[in-house]
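Notes to accompany the following structure.
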Amino acid sequence: GAVVSQHPSWVICKSGTSVKIECRSLDFQATTMFWYRQFPKQSLMLMATSNEGSKATYEQGVEKDKFLINHASLTLSTLTVTSAHPEDSSFYICSARPGGSSYEQYFGPGTRLTVT
Amino acid sequence: AQTVTQSQPEMSVQEAETVTLSCTYDTSESDYYLFWYKQPPSRQMILVIRQEAYKQQNATENRFSVNFQKAAKSFSLKISDSQLGDAAMYFCAYSPWGAQKLVFGQGTRLTINP
């Protein structure tokens, strides 16, 4: 089956620093990747959609200068949280859609970010 | 804007019994997909079942089946012969046809009592 990995699975960083989270599709090419944020005991909220080779499309209310998304290849997308603050602490989940699919979406295992 | 509503924050069921999770959605589109995802304590999202809106027949996957009522914009999930491993958060999700993103409901936490 299609596998999506995320790295790291858990990261702690200090306030004001930047942290990068990687999302990789291991056995398929992902023309589109999605980044979600999930607060404790809440649902997933889509942050942005990224297509390989083009700029990400951010959802309303998501600061694009704070959450930098790069989709440089068909198997890798990165989310960089810049100048992190404690309120950015959350669970970040990526998903990837294979090329040619109209509905399939495979999720990564998530990354827990804690900003101290 | 499309919205998905799950009105049951928590549900519980005895092992081997049947449970139904509710979901309603709001859209002006005629073609779309509906999904149920399971999120166990590991937090890995797992697709449980998918329904295409143009199909009248309700989708089934082993012990999981849906009751899709397009006119009522309702999409419930029935789990038969509940097992301890079914305990998880269940999210209903909507995706317009041809669009890319998923819109999730608030989730229902399902507990299985042995």
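Computed from heavy atoms alone, side chains included, the values below leave out hydrogens, waters and symmetry copies. So that the names make sense, note that chain A is the first sequence line, chain B the second, and so on, each numbered from 1.
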B:G105 backbone acceptor or donor facing A:S43 side chain under 3.5 Å: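 A pair under 3.5 Å: yes.
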Check: B:Q44 side chain, A:F107 main-chain N or O, donor-acceptor pair, under 3.5 Å: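 Yes, B:Q44 side chain to A:F107 backbone: donor-acceptor pair under 3.5 Å.
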Quick one: what part of [X] sits under 4.5 Å from any heavy atom of chain B, side chain, backbone, both or neither?
X: A:L44; value: both
X: A:F91; value: side chain
X: A:E59; value: side chain

Minimal non-hydrogen separation, B:Q39 against A:I93, with atom names: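 Result for this residue pair: NE2-CD1, 3.9 Å.
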pair B:M45-A:Q105: side-chain heavy atoms closer than 4.5 Å: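 Not in contact.
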B:K101 side chain near A:T57 side chain, heavy-atom distance below 4.5 Å: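 Side-chain contact under 4.5 Å: no.
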Is it possible for you to say whether [X] and [Y] belong to one hydrophobic cluster, with membership spreading through side-chain heavy-atom contacts below 4.5 Å?
X: A:M47; Y: A:Y58; result: yes
X: B:F64; Y: B:I112; result: yes
X: A:L46; Y: B:F91; result: yes
X: B:L34; Y: B:L21; result: yes
X: B:I49; Y: B:V13; result: yes

Taking [atom1] in [X] as the centre, count heavy atoms belonging to other residues, nucleotides or ligands within less than 6.0 Å. Is the count above 12?
X: B:K70; atom1: NZ; value: yes
X: A:H85; atom1: NE2; value: yes
X: B:M11; atom1: CE; value: yes
X: A:K64; atom1: NZ; value: no
X: A:E87; atom1: CD; value: yes

Option in B:M89, B:E52, B:R50 with maximal non-hydrogen atom pairs under 4.5 Å from chain A: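 Ranked by contacts with chain A, first place is B:R50.
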Those residues of residues 13-38 of chain A, ordered by number, that approach chain B below 4.5 Å (heavy atom to heavy atom):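 The residues closer than 4.5 Å to chain B, in numerical order, are A:T32, A:F34, A:Y36, A:Q38.
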What part of [X] is in contact with chain A, defined as an atom under 4.5 angstrom from a non-hydrogen atom: side chain, backbone, both or neither?
X: B:F104; value: both
X: B:Q6; value: neither
X: B:L102; value: both

OG on B:S95 to CZ on A:R97, rounded to 0.5 Å: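 Rounded to the nearest 0.5 Å, the CZ-OG separation comes to 5.5 Å.
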Gap separating the OG atom of A:S95 from the OH atom of B:Y37, nearest 0.5 angstrom: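 These two atoms lie 7.5 Å from each other.
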